[in-house]
Peer 1: 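Questions regarding the structure given below will be posed in turn.
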Protein chains: 2
Amino acid sequence: MNTRKDHLLDTAQRLFNANGYHATGIDRILSESGVSKATLYKYFRSKEALIMEVLRRRHHSFDTWLREFVDARTSSKYRGEPAGAMLAVFDGLDRWFRSENFCGCNFINASAEYGDRDDPIHELVKQHKSDLRDYLKSLLKRGGFSRARELSQQLMLLVDGAIVNAHTQNNPKAAREARQAAKCLLSAAAR
Amino acid sequence: MNTRKDHLLDTAQRLFNANGYHATGIDRILSESGVSKATLYKYFRSKEALIMEVLRRRHHSFDTWLREFVDARTSSKYRGEPAGAMLAVFDGLDRWFRSENFCGCNFINASAEYGDRDDPIHELVKQHKSDLRDYLKSLLKRGGFSRARELSQQLMLLVDGAIVNAHTQNNPKAAREARQAAKCLLSAAAR
DNA sequence: GCCAAAGTAAACAGATCTGTTTACTTTGTC
DNA sequence: GACAAAGTAAACAGATCTGTTTACTTTGGC
């Protein structure tokens, strides 16, 4: 059920990320999704409300996807390695960057257009990145790393840097380069 | 001379970075700069041409500023240290992030709104980041580092990651955190 | 002081955008 | 098959945006 609403959100997410939030008009989302305007405004009070729901959904789907990806790799390729889960995160980035319609991160892109710190959209971005860092921190703790707080923050810089590099330079190898740097930080922290 | 044009470009750069490129209308730039519309369209054929000139200027001013900053530090605080110039880059980021009107990177923000790889604006972004990486590479070579290519790329990830983190999380400490990670990468490369 | 270059103010055109409304159609359920 | 919920199509309102034009004013050098 609610297939119209879901289809609308899927289309909106794709267009927002590919062309930007302001540059993507409601009419384009409607024509590409085949949904009527009245239906959009039945589900969402405004374009801003649509954007926020797109980001909430993206936050959830990315979170779910990454956790499943990391779980699968830590129990196979990286079985028993303390740093394995973290390396799996960068393997996940690698797959993402190589996906056909990669256009950078919805949240980083949103922060460029909604830079005001009081904007609720900016707040969602902040929360998304903060949650991802918490996840990295939990992976480090599980791996027995000390100073997980500081280390997870440094690894987040590599994650966001890789996303930006992959997007601006059209360089899908960014994830592997970040992974190499991460290995260096992790091995230094392990000694 | 050309003080009107410069004032226009300064105002446009500030507004574009604070509020986004699409969201910033010509009229706002005109009213805040006190320049008339006819003058704008005398100097620039279109809004897009204005944006591109803003980015070209920003590229040049950032490049000049960073080189002067790094030169000053390498000949004082970091005199004689092979990795000194690179650490000075992160000191520069630190100062930038703490500046009053820091709103992220004009180029990263532009790439969010002009994501199409064929867009000339996207091309400027790519060139800017590529030039910065070349600069980092030259600093590494001057410091006697081998594998400057790979290392400069990893450091670029930290640079861009720090910019994004400082902006999205409102965290000016990001530069110092990136600097710590950079020290780790540099010392591992030096051995 | 003259004159050309540069700038201003304001109206205007035309496109586009968000959001509303109305009248009609489809669809699923009992 | 009746009925209610959900969806569509299209016109519309009102705001806003880029870009042009016109008539007037300021300014800087000679």
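Scope of the values below: all heavy atoms of this structure, side chains included, with no hydrogens, waters or symmetry mates. Fair warning: this is a prediction, and the values are worked out from it, not measured in the lab.
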Peer 1: How close or far is atom C1' of dA11(D) from atom CG of Asp27(A), stated in whole angstroms?
Peer 2: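 Rounding to the nearest Å, CG of Asp27(A) and C1' of dA11(D) are 13 Å apart.
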Peer 1: How many whole angstroms separate atom OH of Tyr21(B) from atom P of dC17(D)?
Peer 2: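 After rounding, the reported distance stands at 18 Å.
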Peer 1: In whole angstrom, what separates Ile29(B)'s CD1 from dC17(D)'s P?
Peer 2: 11 Å
Peer 1: Closer than 4.0 angstrom, basic N to acidic O: yes or no for Arg57(B) and Glu53(B)?
Peer 2: no
Peer 1: Counting only side-chain heavy atoms from C-beta out, which of dT18(C), dG19(D), dA6(D) sits nearest to Tyr41(B)?
Peer 2: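 Comparing dT18(C), dG19(D), dA6(D) against the side chain of Tyr41(B), the answer is dG19(D).
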Peer 1: I want to check one thing: is the phosphate of dT8(D), taken as OP1 and OP2, less than 4.0 Å away from some side-chain N or O of Arg4(A)?
Peer 2: yes
Peer 1: Please state how far atom CD in Glu48(B) lies from atom C1' in dG19(D), giving the value in whole angstrom units.
Peer 2: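 The distance from CD of Glu48(B) to C1' of dG19(D) comes to 14 Å, rounded to the nearest Å.
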Peer 1: Between Arg179(B) and Asp94(B), does any NZ, NE, NH1 or NH2 come within less than 4.0 Å of an OD or OE carboxylate oxygen?
Peer 2: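 Judged by the 4.0 Å cut-off on N to carboxylate O distance, Asp94(B) and Arg179(B) do not form a salt bridge.
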Peer 1: Return the value, rounded to whole Å, for the distance between atom OH of Tyr43(B) and atom P of dA5(C).
Peer 2: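 Nearest whole value for this atom pair: 13 Å.
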Peer 1: Go ahead and name the base partner of dT29(C); Watson-Crick or wobble counts if both distances stay under 3.5 Å, otherwise write none.
Peer 2: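 Because both required distances fall under 3.5 Å, dT29(C) counts as paired with dA2(D).
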Peer 1: May I ask you to evaluate whether Thr39(B) reaches the phosphate of dT8(C), defined as a side-chain N or O under 4.0 Å from OP1 or OP2?
Peer 2: yes
Peer 1: Is the number of heavy atoms from other residues, nucleotides or ligands under 6.0 Å of Arg117(A) CZ greater than 12?
Peer 2: no
Peer 1: Choose from dG7(C), dG7(D), dT18(C) the nucleotide whose nearest atom is closest to any side-chain atom of Ser36(B).
Peer 2: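 Ranking dG7(C), dG7(D), dT18(C) by closest atom to the Ser36(B) side chain puts dG7(C) first.
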Peer 1: For the base of dG7(C), is there a side-chain donor-acceptor partner from Lys42(B) under 3.5 Å away?
Peer 2: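 No.
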Peer 1: Within the 4.0 Å heavy-atom criterion, would you say Phe44(A) contacts the bases, only the backbone, or no part of the nucleic acid?
Peer 2: nothing
Peer 1: Find the distance between NZ (Lys137(A)) and CG (Leu155(A)) and round it off to the nearest 0.5 Å.
Peer 2: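 So the NZ of Lys137(A) and the CG of Leu155(A) are separated by 13.0 Å.
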Peer 1: Please give the nucleotide sitting opposite dG19(D) as a Watson-Crick or G-U wobble pair, both distances under 3.5 Å, or none.
Peer 2: dC12(C)
Peer 1: Can you identify which nucleotide, out of dT20(D), dT8(D), dT8(C), has its nearest atom closest to the Lys37(B) side chain?
Peer 2: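 Of dT20(D), dT8(D), dT8(C), dT20(D) is nearest to the side chain of Lys37(B).
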Peer 1: Counting side-chain heavy atoms from CB outward, which of dT21(D), dA6(D), dG19(D) is closest to Ala38(B)?
Peer 2: dT21(D)
Peer 1: Take the angle between the ring planes of Phe107(B) and His128(B) and call it parallel below 30°, perpendicular above 60°, tilted in between.
Peer 2: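 The arrangement is parallel - the two ring planes meet at less than 30°.
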Peer 1: Expressed in angstrom and rounded to an integer, what is the separation of Arg28(B) atom CZ from dT18(D) atom C1'?
Peer 2: 17 Å
